[in-house]
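Only this structure's heavy atoms are used, side chains among them; waters, hydrogens and symmetry mates stay out. When a residue number appears, it is its place in the shown sequence, counting from 1.
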Amino acid sequence: MAEDRVLLFSYGTLQQENVQLASFGRLLAGQADAMPGYRCDMLEITDPEVIRTSGKRFHPVVSESGDPADEVAGTLFEITPEELAAADSYEVADYRRVMVRLRSGADAWVYVKA
């Protein structure tokens with residue numbers, strides 16, 4: 001991975017082409033991966049811009065479960081630091097960005113329940 005690239009894991013709307021185009025101005029290429037030890041719930045979004053961009057009022061949100069058998073599937077993307085900042089702007093205050101170790105062994109940024 002180039003130094004000017006970061007890894008971002010998405011289990012939700014950042015996997016959608018329309019959200020990628022609106023947030024990054026391009027489609028992202030990614031690979032399937034998963035987050036062990038996490039579980040997924042749904043969160044009602046109230047930010048009208050995020051709802052307009054995603055087309056969805058309810059978005060998935062993950063939190064640590066404490067059970068290594070739990071797992072959340074998603075996509076691992078390689079993006080620029082500027083695109084990571086754009087992803088930060090897209091996510092609402094109910095999410096916070098943390099570094100996690102994925103099933104593949106990669107360390108990636110992911111948005112979890114705040």
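If you chain together hydrophobic residues whose side chains sit under 4.5 Å apart, Val50 and Leu21 never meet in one group.
Residues His59 and Ser54 approach most closely at NE2-OG, 2.9 Å, considering heavy atoms. Annotation for Pro60 and Cys40: closest pair CB-SG, 3.5 Å, computed over non-hydrogen atoms.
Counting heavy atoms of neighbouring residues, nucleotides and ligands inside a 6.0 Å radius, atom CD of Glu17 does not exceed 12 of them.
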- [ ] Given salt bridge (charged side-chain N to carboxylate O under 4.0 Å, His left out), test Arg26 with Glu83 step by step and report yes or no.
- [x] CA-CA 10 Å; Arg26 70 180 182 102; Glu83 288 169 332; 2.6 Å; yes
Open item on the list: Test side chain to side chain contact (heavy atoms under 4.5 Å, CB included) on Tyr111 and Val98; report intermediate values, then the result.
Closed with: CA-CA 6 Å; Tyr111 296 95; Val98 299; over 6 Å; no
Open item on the list: Would Arg97 and Glu91 count as a salt bridge (charged side-chain N to carboxylate O under 4.0 Å, His left out) here? Give the steps.
Closed with: CA-CA 9 Å; Arg97 179 165 47 94; Glu91 296 295 352; over 6 Å; no
Task: side chain to side chain contact (heavy atoms under 4.5 Å, CB included) evaluation trace for Leu84 with Leu8 - done: CA-CA 8 Å; Leu84 185 61; Leu8 176 67; 4.2 Å; yes
TODO: Carefully, step by step, assess Trp109 and Leu7 under the rule side chain to side chain contact (heavy atoms under 4.5 Å, CB included).
DONE: CA-CA 6 Å; Trp109 290 112; Leu7 295 177; over 6 Å; no
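A heavy-atom distance below 4.5 Å is found between the side chains of Phe9 and Asp33. Inter-residue side-chain proximity for Asp4 and Thr80 is flagged as unmet; no heavy-atom pair is nearer than 4.5 Å. Side chains of Ser63 and Tyr38 form no contact here, defined as non-hydrogen atoms less than 4.5 Å apart. Here the side chains of Lys113 and Val62 are not in contact, with every heavy-atom distance at 4.5 Å or above. Using a 4.5 Å cut-off on side-chain heavy atoms (C-beta onward), Val19 and Phe24 make no contact. Looking at Thr75 and Tyr11, their side chains never come closer than 4.5 Å, going by heavy atoms from C-beta outward. Counting heavy atoms from C-beta on, the side chains of Val61 and Asp94 never come closer than 4.5 Å. Within the 4.5 Å cutoff, no side-chain heavy atoms of Pro36 are placed close to those of Pro68.
Expressed to the nearest 0.5 Å, how far OG of Ser104 lies from CE of Met35 amounts to 12.0 Å. Note that the CG atom of Leu76 and the CD atom of Gln31 stand 5.0 Å from one another [nearest 0.5 Å]. Atom CD1 of Ile51 sits about 7.5 Å away from atom CZ of Arg57, to the nearest 0.5 Å. Once rounded to the nearest 0.5 Å, the distance linking CD of Glu64 with CG of Asp70 reads 11.0 Å. Taking CZ of Phe58 as the start and CE of Met42 as the end, the distance is 8.0 Å to the nearest 0.5 Å.
Side-chain atoms of Tyr90 and Thr13 form a donor-acceptor pair, as typed in the model, at a separation below 3.5 Å.
Looking only at distances, no side-chain donor or acceptor of Glu78 sits under 3.5 Å from a matching main-chain atom of Arg5.
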